[in-house]
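First comes the structure, then the notes that go with it.
Order of listing sets the numbers, starting from 1, for every ligand and every atom in it. As the structure is a prediction and not an experimental result, all values here were calculated from the model.
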Amino acid sequence: MHRTTSILPQSRGVIEHYREYLPIDKKTPIVSLGEGDTPLVYCPRLSARVGRGCQVFVKNEGVNPTGSFKDRGMTVAVSKAIERGARAIVCASTGNTSASAAAYAARAGILCIVILPAGKIASGKLMQAFAYGAKIVAIDGNFDDALRVVRELGKTRDLVVVNSINPDRIAGQKTAAFEIVDVLGDAPDFHLLPVGNAGNITAYWAGYREYNAHQRSTKLPVMVGFQAAGAAPIFYNRVVEKPETIASAIRIGNPASWKQARGAIAESRGAIDVVSDSEIATAQSWLARHEGIFVEPASAAAIAGLFKCCDSNEAAYSFQNILEASRIVCTVTGHGLKDPDPIIRQIGEMKPVAPTVDDVRRVIAL
Ligand code: F0G
């Protein structure tokens with residue numbers, strides 16, 4: 001019998017895959033776009049940079065349905081919102097949460113309201129929120145101001161906040177740690193990732209701990225988080241009133257999960273560190289050109305962080321005496337195509353040549 005594609009099995013999505021670890025039961029309607037199951041890519045050149053027989057893997061979250069890790073949490077948050085009868089969802093965002101929330105709301109058939117810092121959202125992300133039909137409000141303020149407004153709006157009936165202050169978001173995001181353990185056969189020795197509002201480091205640590213408690217791993221990783229130097233409240237241990245960085249996704253001065261991030265770092269005997277904008281830009285380009293993985297600037301903070309751990313005497317966590325054959329995972333959180341403008345500016349003007357083999361050979365100097 002002929003079957004239509006709509007009933008063919010798809011990628012399962014994180015809820016179907018990890019249902020028993022999630023706050024889901026039979027009556028929860030599942031809103032999924034087939035998120036998760038992202039590649040854990042072994043990176044030979046990054047491994048060589050670390051040396052000592054260490055292996056570096058990149059967890060490429062940019063290949064989720066809306067191009068960032070937010071989809072893992074959003075499938076759970078929106079499914080639970082629908083279960084509770086929500087008519088609309090709302091979020092503050094530096095871009096990726098809004099893109100993800102807008103997509104899952106569209107899928108669920110409910111309204112999505114996004115509150116964004118005006119002029120500070122990467123163009124690809126703004127385009128996504130618009131394309132998925134979200135109601136977009138730009139505020140004259142930063143992400144922290146937007147989140148303050150959203151917390152107030154969240155008191156409205158039938159309106160559910162889908163920022164990572166919603167525990168369903170964290171529950172969904174912890175599945176990234178499960179996937180890593182499932183692929184490696186155990187937890188890695190180190191896990192490096194960028195930190196903004198600090199939901200993701202909280203989620204990973206919860207995921208590693210929970211899997212370990214279920215004997216799915218024999219150890220827990222050391223968690224090392226990286227903030228942009230101009231937006232590093234956890235590192236400096238004080239609120240940053242005017243955060244600034246090219247990594248607009250992590251341009252946050254007062255993270256909601258600050259305390260939980262501190263807990264993850266302390267319990268895992270890890271560290272929080274800073275990387276400069278120029279280190280971020282260099283790492284972004286390096287990863288694209290040496291490993292074939294193009295990520296947005298915030299994600300490159302994890303790679304810049306890895307370089308700092310290897311090379312710098314000022315690193316909060318040094319890899320200079322790292323145990324031989326350690327396994328290191330770096331999460332890259334969002335796709336490079338989301339933030340095209342800074343790269344496009346580097347291309348500059350391209351002068352066309354005549355359509356002959358000779359002219360083309362001359363340009364490529366072959
Ligand atoms: N990387 C990317 C690409 C992000 O979009 C974010 C956060 C982070 C890292 C940091 O994760 O906040 O859990 O510590 N983006 C949020 C947003 C704030 O609105 O899209 P975190």
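At a heavy-atom distance under 4.0 Å, no atom of Thr202 approaches ligand 1. When non-hydrogen atoms are compared, ligand 1 lies under 4.0 Å from the backbone of Ala249 as well as from its side chain.
Under a 4.0 Å heavy-atom criterion, Ala198 is in contact with ligand 1. Residue Ile252 places a heavy atom under 4.0 Å from ligand 1.
Thr333 and Ser299 are linked by a side-chain donor-acceptor pair at a separation below 3.5 angstrom, with hydrogens and angles left out of the test. Inspection of the His191 and Thr331 side chains reveals an N or O donor paired with an N or O acceptor under 3.5 Å. In the model, Ser32 has no side-chain atom that pairs as donor or acceptor with a side-chain atom of Arg12 under 3.5 Å. If you check the side chains of Glu83 and Thr28, you find a donor sitting under 3.5 Å from an acceptor. If you check the side chains of Asp186 and Thr218, you find a donor sitting under 3.5 Å from an acceptor. Defined by atom type and a distance below 3.5 Å, a donor-acceptor pair is present between the side-chain atoms of Gln128 and Lys338. Side-chain contact check for Glu296 and Asn96: at least one donor-acceptor pair (N or O, by modelled atom type) lies under 3.5 Å.
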Please evaluate residues Lys242 and Asp144 with respect to the criterion salt bridge (charged side-chain N to carboxylate O under 4.0 Å, His left out), reporting the C-alpha separation (whole Å), side-chain torsions for both, the decisive distance (0.1 Å), and the verdict. CA-CA 10 Å; Lys242 291 197 165 60; Asp144 306 292; over 6 Å; no
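Looking only at heavy atoms of the protein, atom 11 (O) of ligand 1 is closest to Phe69 CZ, 3.5 Å. Looking only at protein heavy atoms, the nearest one to atom 18 (C) of ligand 1 is Thr94 OG1, 3.4 Å. Looking from atom 20 (O) of ligand 1 to the surrounding protein, the closest heavy atom is Thr97 N, 2.8 Å. Annotation: atom 1 (N) of ligand 1 to nearest protein heavy atom, Thr333 OG1, 2.6 Å. Distance from atom 15 (N) of ligand 1 to its nearest protein heavy atom, with residue and atom name: Lys70 NZ, 2.9 Å.
Residue Asn96 has at least one N or O atom closer than 3.5 Å to an N or O atom of ligand 1. Taking distance alone, with nitrogen or oxygen atoms compared against 3.5 Å, Ala298 stays at or beyond that limit from ligand 1. Close N/O approach between Ile201 and ligand 1 is not found [any backbone or side-chain N/O within under 3.5 Å]. The shortest N or O to N or O distance between Glu296 and ligand 1 is not below 3.5 Å. At a 3.5 angstrom cut-off on N or O pairs, Asn200 counts as close to ligand 1.
Interface of Ile250 with ligand 1, defined as ligand atoms under 4.0 Å from a residue heavy atom, comprises 8 (C), 9 (C), 10 (C). The Gly199 neighbourhood of ligand 1 comprises atoms 13 (O), 14 (O), 21 (P), with distances under 4.0 Å to a heavy atom of that residue. Residue Val195 approaches ligand 1 through these ligand atoms, each under 4.0 Å from one of its heavy atoms: 14 (O).
Between the side chain of Asp273 and the backbone N or O of Ala316 there is at least one donor-acceptor pair closer than 3.5 Å.
The existence of a salt bridge linking Lys59 and Glu179 is confirmed by a sub-4.0 Å separation between a basic side-chain nitrogen and an acidic carboxylate oxygen.
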